[in-house]
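Structure first, then comments.
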Protein chains: 2
Amino acid sequence: MSQARERGIPDATVARLPLYLRALNGLAERGTATVSSEDLAVAAGVNSAKLRKDLSHLGSYGTRGVGYDVQYLIYQISRELGLTQDWAVAIVGVGNLGRALANYGGFVSRGFRVAALFDADTAVVGERLVGMAVDHIDQLESVIDKRGVSIVVIATPAAAAQQVADRVIAAGVTSILNFAPAVLTVPGGVDVRKVDLSTELQILAFHEQRKADRETGSPMMAGDWAEAMDV
Amino acid sequence: MSQARERGIPDATVARLPLYLRALNGLAERGTATVSSEDLAVAAGVNSAKLRKDLSHLGSYGTRGVGYDVQYLIYQISRELGLTQDWAVAIVGVGNLGRALANYGGFVSRGFRVAALFDADTAVVGERLVGMAVDHIDQLESVIDKRGVSIVVIATPAAAAQQVADRVIAAGVTSILNFAPAVLTVPGGVDVRKVDLSTELQILAFHEQRKADRETGSPMMAGDWAEAMDV
DNA sequence: TCTTGTGAATAGATTCACAGCT
DNA sequence: AGCTGTGAATCTATTCACAAGA
């Protein structure tokens, strides 16, 4: 060991740890006790040098000439990610998406627990879902406080997202996962992660178009934008 | 103009173009005709130098001393992303998540169209959703071909994801958006983007834990992992 | 005077390649 | 003999800071 664990694991590394964890869980299920960086890298779909460097930021948990102990590495990554404790998660917005998220099998992978559901529609309030009754959005602050919610998932329409964010932040929440297609403005110290279907589709469309251009060899002319846009 | 548009827009830039597009659409709705890089950067939540450099990769579409024409920039970004044409999208897996995606308002933002829905459950096949009948997964290849599907969204359980991917790739699809919590292995030339709730939650948990550690000043001891894991 | 577009500087991430340990 | 851990090299992205254009 040497420089590991002092301060700060690179963001790019943190973003890959869940991937490694999933690959490791797959190996563990199949009874694998030990794995080399090369094999784990293949299972996770990354380059093995990158994998080793990523893991080296957590500490020196491998054995030269042998590889990594699967169970031990699962534990170390889980601990680093904070999954050895339980996080109470609230879902705001129980529409199609909110329901899907609440029911999502992988949602409550070890470490997370749906602790509250909120909606503004009184027709939905009181309904039970994954063993939880839906609360009215008026109760947002008090329920968050009472149930110790520390992560909020926003699954409301875009128009409501910012005000939900403002309220949960005022209630002390500093971690938000936003599914609404809106840019959230938050004070420093609050982490927001965004999941956005249309962004992802647009990125795919870009590459798809590139592939099509490459095949036909037509790099697309600028064209008359005013006409195309009906401006 | 000078080096713009020759070959290759950086990936990081491509990933931000949808964000700019959304911010621009918001401005357009409020009737704004012209915007400076500074104001647009604020609306998109990025640094203005980065925004200008990103846009410079598309070409020289601004006016010094003035800013960018909102409509014109919307058109240029849309064109670059391939949104001036229509993409036929298929959703495989009509469970909670698939339904949510199909109904997702922002889904069919300009440029995308749900052209097919598939499920393996015969109880679901035939059901109508957003004007489309659900087809049985047996029809996957023929329907993809007939309707010109070029982007496939996988919203199946993890166990089915790889085989769905294999089949749609064999049917000629080269762009996949994967919501199943599984690592997909695909041949070169196929683009896969992954959206994963548990990965995002885990990244938030990491930062949340860091914040908690910083406050209490206790950097968490290594502890007895064997005991914690029940190994 | 204001704001873009961009070289130059800096920071960050990935990959290479091999010394060092088992 | 095999595989990790890591410096060094490379590549990519971000930020600075200002010349040039409207």
Side-chain angles (χ1 to χ4, degrees), chain A residues 1-20 23-24 27 32-70 72-73 76-77 80 203 206-207, chain B residues 1-20 23-24 27 32-70 72-73 76-77 80 203 206-207:
Chain A
M1 199 199 311
S2 55
Q3 51 73 260
R5 283 315 333 274
E6 272 137 39
R7 258 319 73 189
I9 295 175
D11 284 350
T13 295
V14 173
R16 280 187 296 265
L17 293 179
L19 188 66
Y20 302 154
L24 285 163
L27 291 169
T32 310
T34 289
V35 68
S36 68
S37 63
E38 183 56 37
D39 290 352
L40 181 53
V42 168
V46 304
N47 163 310
S48 71
K50 179 157 46 177
L51 171 70
R52 288 198 301 279
K53 182 143 302 201
D54 282 344
L55 294 183
S56 78
H57 287 112
L58 313 192
S60 204
Y61 298 137
T63 306
R64 289 165 204 241
V66 179
Y68 301 89
D69 181 285
V70 172
Y72 185 55
L73 196 51
Q76 289 299 346
I77 294 178
E80 197 60 57
I203 294 169
F206 171 84
H207 292 293
Chain B
M1 201 200 308
S2 54
Q3 49 72 259
R5 287 309 338 271
E6 273 136 38
R7 261 317 74 191
I9 295 173
D11 284 349
T13 295
V14 172
R16 281 187 296 264
L17 292 178
L19 189 66
Y20 303 153
L24 284 163
L27 292 168
T32 310
T34 288
V35 69
S36 69
S37 64
E38 183 55 36
D39 291 352
L40 182 53
V42 169
V46 303
N47 163 310
S48 70
K50 179 158 41 179
L51 171 69
R52 288 199 301 279
K53 178 134 330 202
D54 282 343
L55 295 182
S56 78
H57 287 112
L58 313 192
S60 203
Y61 298 137
T63 307
R64 289 166 201 244
V66 179
Y68 301 89
D69 181 285
V70 172
Y72 185 55
L73 196 50
Q76 289 299 346
I77 294 177
E80 196 60 56
I203 294 169
F206 171 84
H207 292 293

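Proteins get letters first, then strands, A, B, ... in listed order; numbering begins at 1 in each. Quick note: numbers below take in every heavy atom, side chains included, and nothing from hydrogens, waters or symmetry partners.
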In short, salt bridge (Lys or Arg N to Asp or Glu O under 4.0 Å) pairs touching residues 40-49 of chain B with sequence neighbours left out are none

Rounded to whole Å, the CG-P distance (A:Leu55 to D:dG5) equals 8 Å

Quick tally for nucleotides 9-14 of chain C: nucleotides whose base has a protein heavy atom under 4.0 Å get B, sugar-phosphate-only ones S, the rest -, giving ----SS

Rounded to the nearest 0.5 Å, the CD1 atom of A:Ile203 sits from the CZ atom of A:Phe206 at a distance of 10.0 Å

Residues pairing under salt bridge (Lys or Arg N to Asp or Glu O under 4.0 Å) where one sits in residues 9-18 of chain A, two or more places apart or in two chains, turn out to be A:Arg16-A:Asp54

From CD of A:Glu38 across to P of C:dA17 the rounded distance in Å is 15 Å

From CG of A:Leu40 across to C1' of D:dG2 the rounded distance in Å is 17 Å

side-chain contact (heavy atoms from CB on, under 4.5 Å) filter on A:Thr34, not counting sequence neighbours, yields A:Val66

Rounded to whole Å, OH of B:Tyr68 lies from C1' of C:dC2 at a distance of 13 Å

Atom CZ of B:Arg52 and atom P of D:dA13 are separated, to the nearest Å, by 19 Å

Looking only at heavy atoms, the pair that brings B:Ala41 and B:Ser48 closest together is CB-CA, 3.5 Å

Scan nucleotides 20-22 of chain C against the protein and return all N/O pairs shorter than 3.5 Å with their distances rounded to 0.1 Å.
from, atom 1, to, atom 2, distance (Å)
C:dG20, N3, A:Arg64, NH1, 3.3
C:dT22, O4', A:Arg64, O, 3.0

B:Leu51 CG to D:dC16 P, in whole Å, measures 15 Å

Separation of C:dT4 atom P from B:Tyr61 atom OH, nearest Å, is 16 Å

Side chain to side chain donor-acceptor pair (under 3.5 Å) filter on B:Ser36, not counting sequence neighbours, yields none

Would you check if A:Arg52 and A:Tyr68 make a side-chain contact, meaning some heavy-atom pair closer than 4.5 Å? yes

Picking from D:dG5, C:dT6, C:dT4, the nucleotide nearest the side-chain atoms of B:Ser37 would be C:dT4

Separation of C:dT6 atom P from B:Leu58 atom CG, nearest Å, is 12 Å

Distance col, row B:Leu40:CG vs B:Leu73:CG, nearest 0.5 angstrom, shows 7.0 Å

Closest of C:dT3, D:dC16, D:dT6 to the B:Ser36 side chain is C:dT3

*Just wondering, do A:Leu55 and A:Tyr61 contact through their side chains at under 4.5 Å, heavy atoms?*
no

